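Since this is a predicted model, take the numbers as computed values, not measurements. Ligands are counted one by one from 1 in listed order, and the atoms in each one are counted from 1 as well.
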Amino acid sequence: MQFHTVILRYLEMELKSPFTTSFGTMKTRPVLLVEVIDQDGVHGWGEGVAFFAPWYTEETIETTWHMLEAFLIPLLFQAPVYHPDELRDRFSLIRRNCMAKAALEGAVWDAFAKRHHMPLHVALGGEKQEVDVGVSIGIQPITNTLKRIEQALAEGYKRIKIKIKPGWDVDVVRDIRHHFPHVPLMVDANSAYSLCDIDRLKALDDYELLMIEQPLAVDDIVDHAKLQAKLQTPICLDESICSYEDAKRAIELKSCRVINIKIGRVGGLTEAKRIHDLCQQHRIPVWCGGMLEGGVGRAHSIALATLPHFSLPSDTAASANYWERDFIEPEVTVHRGRIFVQKQHGIGYAVNLAEVERRIVRSKIYKRSKG
Ligand SMILES: O=C(O)CCC(=O)C1=CC=C[C@@H](O)[C@@H]1C(=O)O
Ligand SMILES: [Mg+2]
C-alpha cells in the first residue's frame, strides 16, 4: 500500500457525565481522528487517545498532532507498506510518543484489513466472536457510585472498576462490598500512592478485589514488585507498561500479576499483540483497557480483545455509556455484558462524517509529494 493522503481531524466530544480520577475531572474529550488513503482509494481510520493535559502519560492532543505532522506522516509517505507490522520499525526512529504512533498505525491496520477483505480482528489473528465487557466508574459521591454500579449491573456489565485515591479507597470499597458482596470488583489508582501507603493498600486485601490497577508511580516497577510481594490482591499495571520491554521487565521482577493493554499507550496494535503473546507465554492474564475513546478507538480495542489470551472483561463499554451520540455507525452496543464483534471488513463500523463535522475544531489534509 502506498499512502498518498492523510487527514487529521481534531474533535471535541461532550461526555454524558464528568469522569473523575485521582488526577482530575474531564467533561469534554478531545479526539484526534486519523484517516489514511492509499493509491487505490482504500480508506483507513485511526484515533489518537491523548487528553488535553499530560496527566495520564506525557502526551497531549497537541503533541500528538505535532508528532504526526512533523515526523510520522512523512515517514508513512516515504515508502510503501506491505504489512502494518513494518511500521513499528519505521517509527522506532521516533522515541516514545506512543499515542501518536498508534493513531496512524491503527488507520493503516484498518486500510490493510479492508484491502484484504477481512475484519480487523481476523487480520490481527483474533478468534472470538464476542468480547466480555466491564465498566469503569469515576470518583463521585458514594450514593451516586452505588447507583451507577446498580445501573451497570442491570445493563449486564461483567465487572465493575472504580477509581480510588488516598482518602477515597478502603471506606468506599467497604460500602460497595456491603451492598454488592459478590460482584466482580476492581480498583484503579492511576499512580496516586507510594510505598508509604502500604498499610492502606494492604487493607484492600479484605475485599476480594479482582486486582488493584496502577497503585504506584508510572516508572516504579521496582516498588510495584515490593508491593506485590506484600499484597494478596493481584496488581495490574497500566501506565507503567508502554512497550514489550516494559512488560518483560515487569514480569521478570514480579511487579504485577495482570496487565492492562491499551493500544495507544503501547504505540499500536502490533506492539499490543507482542505484549499479548508475551503474557500468554508467561500466563499473565491480560485485558483491554479503555481511554474514553470515540467509536473508532473503541472499534480497534474490540478487535484487539478478540485475541485468545484476553481473558478478563475489557474497558470498552457501550457508546451510550459515554456519549449522547457516537460518530460511528452502528454505535457500539453491549448485550448482557458482551459485544458481538462486527463482521464487516476493517474496523467493522462506518465513520459518520456528519457527526464528525458537528464536533470539529480543526482539520488538515496532508498529501504525499510526487517524485
Ligand atoms: O474507557 C473507559 O471506559 C475506561 C476509562 C478509564 O478507566 C480510564 C480512562 C483514561 C484514563 C484513566 O483514568 C483510566 C485508566 O487508567 O484506565
Ligand atoms: Mg488505569
Exercise. State whether the shortest distance between N or O atoms of R298 and N or O atoms of ligand 1 falls below 3.5 angstrom.
Key: no
The protein heavy atom nearest to atom 2 (C) of ligand 1 is Y322 OH, 3.4 Å
Quick look: K163 vs ligand 1, heavy-atom contacts under 4.0 Å, and the answer is side chain
Legend entry - Heavy-atom check, side chain of F327 versus side chain of V31, under 4.5 Å: yes
- request: Tell me, please, whether W65 has R362 positioned over its six-membered ring: NZ or CZ under 6.0 Å from the ring centre and within 45 degrees of its axis?
  value: yes
- Is the centre of the H276 ring less than 6.0 Å from the centre of the W287 ring? no
Rounding to 0.5 Å, atoms CG (L278) and NE2 (H309) come to a distance of 9.5 Å
The answer for which part of D238 has a heavy atom under 4.0 Å from ligand 1 is side chain
For the Mg ion (ligand 2), the nearest N/O/S atom on E213 is atom OE2
- Are any of the side-chain heavy atoms of I162 and I164 separated by less than 4.5 Å? yes
Under the criterion side-chain hydrogen bond (donor to acceptor under 3.5 Å, both in side chains), I'd like the reasoning laid out for Y193 against D223: C-alpha separation, chi angles, the key distance, then a yes or no. CA-CA 11 Å; Y193 297 86; D223 280 359; over 6 Å; no
In ligand 1, the atoms that come under 4.0 Å of a heavy atom of T21 are 13 (O)
Checking distances from the Mg ion (ligand 2), one finds that the N, O or S atom of D188 closest to it is OD2
Given the options H121, H116, H117, H43, H345 meets ring pair (Phe, Tyr, Trp, His ring centres under 6.0 Å) only with H117
task = Using a 4.5 Å cut-off on heavy atoms from C-beta on, say whether the side chain of R148 contacts that of V135.
result = yes
So the atoms of ligand 1 within less than 4.0 Å of a heavy atom of K161 turn out to be 7 (O), 15 (C), 17 (O)
For atom 16 (O) of ligand 1, the closest protein heavy atom turns out to be N190 ND2, 2.8 Å
heavy-atom search around atom 9 (C) of ligand 1 in the protein gives G290 O, 3.4 Å
*asked:* I want to know if ligand 1 touches L292 in the polar sense, i.e. an N/O pair below 3.5 angstrom.
replied: yes
Check your understanding: Heavy-atom distance under 4.5 Å between the side chains of F51 and R29, does that happen here?
Key -> yes
Worksheet item: Heavy atom of K262 under 4.0 Å from ligand 1?
Response: yes
Exercise. Strictly under 4.0 Å, does any heavy atom of Q214 approach an atom of ligand 1?
Worked result: no
message: Taking backbone and side chain together, does D238 place any N/O/S atom at a distance below 2.8 Å from the Mg ion (ligand 2)?
response: yes
- Message: When you measure from the centre of the six-membered ring of Y244, is the NZ or CZ of R274 closer than 6.0 Å and no more than 45° off the axis?
- Response: yes
Contact region, V135 to ligand 1, non-hydrogen atoms below 4.0 Å, reads neither
side-chain hydrogen bond (donor to acceptor under 3.5 Å, both in side chains) test vs K163 passes for just one of D188, T145, D169, namely D188
Atom 7 (O) of ligand 1: of S136, G138, A189, S22, the nearest heavy atom sits on S136
Within 4.0 Å of some non-hydrogen atom of F51, the atoms of ligand 1 are 10 (C), 11 (C)
Taken to the nearest 0.5 Å, the spacing of I212 CD1 from T233 OG1 works out to 4.5 Å
Under 4.0 Å from one or more heavy atoms of E213, ligand 1 contributes atoms 17 (O)
Here the atoms of ligand 1 under 4.0 Å from any heavy atom belonging to D315 are 1 (O), 2 (C), 3 (O), 4 (C), 7 (O)
Would one find an N or O of N321, backbone or side chain, under 3.5 Å from an N or O of ligand 1?
no
